[in-house]
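Down below is the structure, laid out as structure tokens.
Note that the structure is predicted; figures quoted are calculated from it, not measured. Order of the sequence lines sets the chain letters (A, B, ...), proteins ahead of strands, with each chain counted from 1.
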Amino acid sequence: MARSKAQTQELLDSYRTMLRIRRFEEAVARHFRAGDVHGFVHVSIGQEAVAAGACGPLGAGDVITTTHRGHGHCIAKGADPEAMMAELFGRDTGICRGKGGSMHIADPALGILGANGVVGGGIPLAVGAGLAARVRRTGTIAMPFFGEGAVHSGAFHEAMTLAVAWSLPVVFVCEDNGYAEFTRSGSWKGPTVADRARSYGMPAEEVDGSDVLAVRAAVLASAEPARAGDGPRFLVAHTFRFSGHYEGDPEPYREDDDRALWDERDPLAVARKALGSRHDAALEQLGEQVAEEIDAAVKRAAEAPYPTASEVFDHV
Amino acid sequence: MARSKAQTQELLDSYRTMLRIRRFEEAVARHFRAGDVHGFVHVSIGQEAVAAGACGPLGAGDVITTTHRGHGHCIAKGADPEAMMAELFGRDTGICRGKGGSMHIADPALGILGANGVVGGGIPLAVGAGLAARVRRTGTIAMPFFGEGAVHSGAFHEAMTLAVAWSLPVVFVCEDNGYAEFTRSGSWKGPTVADRARSYGMPAEEVDGSDVLAVRAAVLASAEPARAGDGPRFLVAHTFRFSGHYEGDPEPYREDDDRALWDERDPLAVARKALGSRHDAALEQLGEQVAEEIDAAVKRAAEAPYPTASEVFDHV
Amino acid sequence: MSETPRYMEAVNQALADEMERDDDVILMGVDVGEAGGVYGVTKGLYERFGAERVWDTPIAEAGVLGAATGAAISGLRPVAEVMYMDFISVCLDPIVNQAAKLRYMTGGGVTVPIVFRMQTGGGRSGGAQHSQSLEAVLAHIPGLKVFCPADARDAHDLLVEAIRDPGPVCYVENRRLYRRRDDEWDRPALPAGQPRIVRAGEGATVVTWGRMVSETRAVLDELDGAAANVELIDLRTLVPCDLAIVAESVRRTGRCLVVHEAVERHGPGGEIVARLVEQVLWHVDGPVRRLGALPTPVPYSPPLEAEMLPSPERIAEAIRALLDD
Amino acid sequence: MSETPRYMEAVNQALADEMERDDDVILMGVDVGEAGGVYGVTKGLYERFGAERVWDTPIAEAGVLGAATGAAISGLRPVAEVMYMDFISVCLDPIVNQAAKLRYMTGGGVTVPIVFRMQTGGGRSGGAQHSQSLEAVLAHIPGLKVFCPADARDAHDLLVEAIRDPGPVCYVENRRLYRRRDDEWDRPALPAGQPRIVRAGEGATVVTWGRMVSETRAVLDELDGAAANVELIDLRTLVPCDLAIVAESVRRTGRCLVVHEAVERHGPGGEIVARLVEQVLWHVDGPVRRLGALPTPVPYSPPLEAEMLPSPERIAEAIRALLDD
Ligand SMILES: Cc1ncc(C[n+]2csc(CCOP(=O)(O)OP(=O)(O)O)c2C)c(N)n1
Ligand SMILES: Cc1ncc(C[n+]2csc(CCOP(=O)(O)OP(=O)(O)O)c2C)c(N)n1
Ligand SMILES: [Mg+2]
Ligand SMILES: [Mg+2]
């Protein structure tokens, strides 16, 4: 299918977002190994197309909630990688003043209501944001991101139930990235995620989570009726967790053929192939820009001061 | 359809069970008003066919869990009305030694793992009993009873998910009795209970909960494959809560046409009609027997001693 | 003036006034809307404010409280009901891991103006799952405030304060007080955190909250001799809680008893005793003690439950022992 | 003998031994099976005992713990894992309202032989939802026992005891101890409920449990003068908990500090202080104090978290103050 000029621009923009996420997370992983980034860190390498494709079409007033694996969603929704990196370095200039870290990264002013360390925990929060949008007639939508592992949780069920019961402007985005920790997707007898979603009486679509424009199109199609008051929508993005569950994961559970998928599933490679060679020069330049941006983010994070001890009592 | 002799006997037996439940609960309501029965009391008048029909075909090793509205299930599974009445009177001779009361009535030795004061709370317990049956290869099944109000709870979702994931010998029985507290069934946009159940990948059947033989037949059909290791089954019994939500409920929320349903939905009337006039004499005698049994239960409960204070520390 | 409002009417009035004052205040809970609440506490609010302000919910408390929390960080001020405090067991995550922590985790990026309304009330054979006083569980969680009004005046004022608070407040009613009217309805409002001397005395100090305030007062009114000369303090809120007034009292009286309906073991009294001991150890010449419920689930049978909970008899006995030892 | 087992190996060994001994013992939890647990604690058990004994579960903790409870009253002895103690927020009902109360509510009709394995461990930037020590919440609930092993010996022995216990036990590991080996692996097993004197002394008594035992011991080993002469007691289990040994110590030393990783406010220290004060008030000539974490959510940033949790410096300072005041 031929691509319009606008679509090409969207693809270029999305590529940039994905690349920023990728380079950011590669830096995070490096600096985790170096001991600069602490605690539990989960990167979304391989899943960038979902973040970029889903957040791209959102407006400033739209909100997201995310999971323990939320860097990509934050960047795609507009968070500043420098402030994010400073957060992960535990610095006072961090996006949460060093108090959140990777698992709680957030920028509420940008509609990023936060990562969440509790599987399923962010889904009801987004439903509540949708409720607020309805009550306040803001015309905005809420989008919870969550993994396929979360759909067994009571929080998922109750959140879905409320969104349907109250026809809330929510677009649920489930990223099926092949694993929940060390357990392969589909290990549990039961319906597919999309069928599960449909069973609540909610339209659900499945989309190739490595194809950023496909994700984008699906989100656009879902967001419109949700925004118009036609009730919630659901997307399942089939994607691929290239890294371990957490940084440091030795991944003994990986199956041999896993890595083989990488070449065809890497969303950056997919986008690049779609763009063809015509943009090589521009993309090369973009690559340098992004590398510089992330290098600078790391540098400034490393130079930033830690919070002073007395700040422990702030914001309780 | 002509009824076999065996079926007639089943109907007579079931009628007896239903009548014992009815008279028991009528006495409970009376003695609640008199101040002999305490706390929160929920009777199942109008729903006796579900208890009798579902528990009738169970074996001694099969287990049930029930809800805040559990007297009927207990009696149908074989609990002694006298010990139950003593429990509700708070006496030392009570089936739980006075410690449980109506909302926690139980007789584990008979496979009655207990009523539950937490909506949804008993469902995972039954799934666990099913797990034990599988692990221990007992050939028994577990049957959680719950109301249609419970299906929105996370406990329901997680319990269903596990039963399917592990192919457990569980027959779920949802009683849709028209109300959850003061909220009519079907008030919430979303799937029917049966469709919800099917969405987990579990066969589900709907049955007229006022027709005891229909319930019985449905349970028999479901129990067999569940017992044989073919995974869980689900029944929705459409029934009718004739009383208030709790004893003392002024029921301002009742709709006018509600009571009109009573004549056609009363499971005792339905069974009696099916039996025809041929058994009138026998049923009259049965009525007297049951009345005597319940009167005696009340009398002995009222005469029984309260637990002594030091028993408060027993069984912690 | 006609009769002063009952405790439950004071709750209703606070809700109505705040909903009138601030369009962002909404209610959520099982049967809080059309039915007016299982105890009638929210009666009339659905009719008055409509379905976009008063949200009946399915029985899905974890989802509802999570949604309420999400709404609170999106500009609303939800008052979400947990029908019985015992049921925090099914919805603790939104209270404890989300609402309590979101402001902190975001470094001040959000405020979480939410009230978790819940009620307790043992002593009426509610059974083990409908009778628990779990305020200590909530008070242990940084980020949560915990209010426990003991009379209609405080039921009103503390709820108003809770709704206006920028952070999450667990507001714990006692259903056995619902129908009570208040001698002191005209008492001026006191801020959360400040205990109130209910009855002056010099022989000992008794600290309590919730239903145990009126229960203890009635006991004291019956006692005579030295036992009558006891100071009674209503703590009102567990968090915040400025113990200065209590410490001053204990320095004066030299003896202290903390009474609560919650189980004594690892209950809220431990905190109060430990803090008082820090502050007054060298001033006391008598014991600093607790009296709470026994370490058992709440039994159904009336005599067993009476044994398990702090009864007037046990309170009287503990006060006498306090004065004697 | 070769090297003594690490803490996590001691847990694994107790599980293996009990599963070998009793076919009714089963394991349940997210990734406890094929993967051997997220920290490797259950490694090898799936291979050894098979899928009917070691149950990997979906992320549905309320369902899983409820099912484990149902299995426990149906003849099995499940050991169900909550991956992080913080997540009791999503599965408190089966722990608190079902397992803890079922024996009581049925008047002894069932026993509930179940172990809830969970782990905590602040101080490594786990963030607000992966760092909490919530043992006080569980210890407050009648019907639950709470074990908090501080070293490999107890990790093993207390788990064996927990599995054999006819009632529910919350068994709280500390992941920061997982890789530690034990100086005293040959120490004889002590029953739950009995505190252990880790280090004798006459100047003051410090009571603690979990990771704070080794932390405090290290601090004491560094101190000199009077401060070195401090008795250190490992409480080992919060419920049951016989304080006689502690009270005897405090009568001797005249001063006491309770140290814990949990938040101080309404934390487990309050109970211990309150009980000690009851027993030893007239024998102490110094303070009876607590040192716990500050009343804030656990911050991510290392210096903030170090400030929030009881650090070696703050422990040392508190001990010096205890001796000086
Ligand atoms: C309630 C809860 N249970 C368990 C965990 C531990 N845990 C963290 S991530 C994870 C797997 C989540 O899988 P999925 O939802 O597919 O997200 P993914 O990691 O693949 O992005 C688990 C079990 C948790 N954080 N919260
Ligand atoms: C977790 C929880 N939330 C709320 C309640 C209060 N409550 C008791 S019964 C009930 C309605 C249950 O309706 P349904 O499941 O249909 O059962 P029914 O009463 O009709 O038998 C509610 C909301 C409860 N007991 N537990
Ligand atoms: Mg996944
Ligand atoms: Mg119902």
Between Thr161(A), Val151(A), Asp195(A), Val164(A), which residue shows the highest count of heavy-atom pairs closer than 4.5 Å to chain B?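 Counting heavy-atom pairs under 4.5 Å, the top option is Val164(A).
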I need the residue from His152(A), His157(A), Arg196(A), Lys189(A) with the largest number of non-hydrogen atom pairs under 4.5 Å to chain B.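 Ranked by heavy-atom pairs under 4.5 Å with chain B, first place is His157(A).
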Looking at Gly190(B), Ser153(B), Gly201(B), which has the largest count of heavy-atom pairs under 4.5 Å with chain A?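 Among Gly190(B), Ser153(B), Gly201(B), the one with the most close pairs to chain A is Ser153(B).
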Ser187(A), part contacting chain B, at a heavy-atom distance under 4.5 Å: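 Looking at Ser187(A), nothing touches chain B.
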Could you walk me through whether His245(B) and Tyr253(B) pass the side chain to side chain contact (heavy atoms under 4.5 Å, CB included) test, one step at a time? CA-CA 11 Å; His245(B) 169 59; Tyr253(B) 53 86; 4.2 Å; yes
Could you verify whether a donor N or O on one side chain and an acceptor N or O on the other, from Ser44(A) and His71(A), lie under 3.5 Å apart?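 Distance-only check fails for Ser44(A) and His71(A).
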Any chance CD of Glu224(B) has more than 12 other-residue heavy atoms, nucleotides or ligands included, within less than 6.0 Å?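 Incorrect, the count does not exceed 12.
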So that I can tick it off, tell me whether Arg227(B) and Asp62(B) are bridged by a salt bridge, with the cut-off set at under 4.0 angstrom between side-chain N and carboxylate O.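 Yes, this pair counts.
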